[in-house]
Amino acid sequence: MSDESPDNHAEPVAVAVHPDRGEAEVTVAHLAANGIEAFIVDQVEGGTIPMDGEWGVAVVVKAVDGDLAREVLDADARSEGELRGDADV
């Protein structure tokens, strides 16, 4: 019997969706820098701009890493808003 958690084999979860692959790659690199393995699921077929019915380019992580990945991305979004002056004070 293995010591591995069943969570390690659960379906991956999407933590971000971008309109193009380049933005998704930046997100994957950022998550990797924070110790989170992420992958790209590209639903844009044949072009760079999603059409009706295509939801874009998703960044997915293991289910067990989903909450941490969202926290990392949410913290970054808040930081970027503060830099632009968009943050609620």
Side-chain angles (χ1 to χ4, degrees):
M1 195 170 259
S2 172
D3 290 342
E4 287 189 34
S5 165
D7 290 336
N8 286 333
H9 300 289
E11 288 290 318
V13 294
V15 294
V17 177
H18 298 286
D20 63 68
R21 188 172 184 89
E23 289 182 43
E25 288 174 355
V26 170
T27 298
V28 168
H30 181 65
L31 290 171
N34 283 276
I36 303 167
E37 188 175 23
F39 305 93
I40 292 176
V41 178
D42 191 347
Q43 294 294 315
V44 178
E45 302 207 11
T48 58
I49 299 174
M51 304 301 283
D52 288 341
E54 296 176 338
W55 49 274
V57 183
V59 176
V60 299
V61 299
K62 293 178 187 176
V64 70
D65 293 332
D67 290 338
L68 179 58
R70 287 185 191 97
E71 287 177 22
V72 167
L73 297 175
D74 288 346
D76 289 342
R78 284 191 303 273
S79 294
E80 288 176 15
E82 289 170 6
L83 291 174
R84 288 191 314 260
D86 296 342
D88 295 327
V89 199

Please report the closest heavy-atom contact between Leu73 and Ala16, naming both atoms and the distance.
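Where Leu73 meets Ala16 most closely, the heavy atoms are CD1-CB, 4.2 Å.
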Least distance between heavy atoms, Val60 atom then Ala14 atom:
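Heavy atoms of Val60 and Ala14 come nearest at CG1-CA, 3.8 Å.
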Exam field: side chain Asp20 to backbone Gly22, donor-acceptor pair closer than 3.5 Å
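Judged by distance alone, yes, a pair lies under 3.5 Å.
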For Glu71, salt bridge (charged side-chain N to carboxylate O under 4.0 Å, His left out) partners two or more places apart:
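Counting only residues at least two positions away or on another chain, Glu71 forms no salt bridge (charged side-chain N to carboxylate O under 4.0 Å, His left out).
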By salt bridge (charged side-chain N to carboxylate O under 4.0 Å, His left out), which residues pair with Asp74, not counting sequence neighbours?
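Partners of Asp74 under the salt bridge (charged side-chain N to carboxylate O under 4.0 Å, His left out) test: none.
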Just so I know, are the side chains of Val13 and Val61 near enough to count as touching, which here means a heavy-atom distance under 4.5 Å?
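Yes, side chains in contact.
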Non-hydrogen side-chain atoms of Val59 and His18 separated by less than 4.5 Å
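SC-SC contact between Val59 and His18 confirmed.
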Same cluster for Phe39 and Val26 if Ile/Leu/Val/Met/Phe/Trp/Tyr side chains link at under 4.5 Å?
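In one cluster with Phe39: Val26, no.
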Can you name the one residue among Leu68, Asp65, Leu31, Val72 that meets side-chain contact (heavy atoms from CB on, under 4.5 Å) with Val15?
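One option only clears the test, and that one is Leu31.
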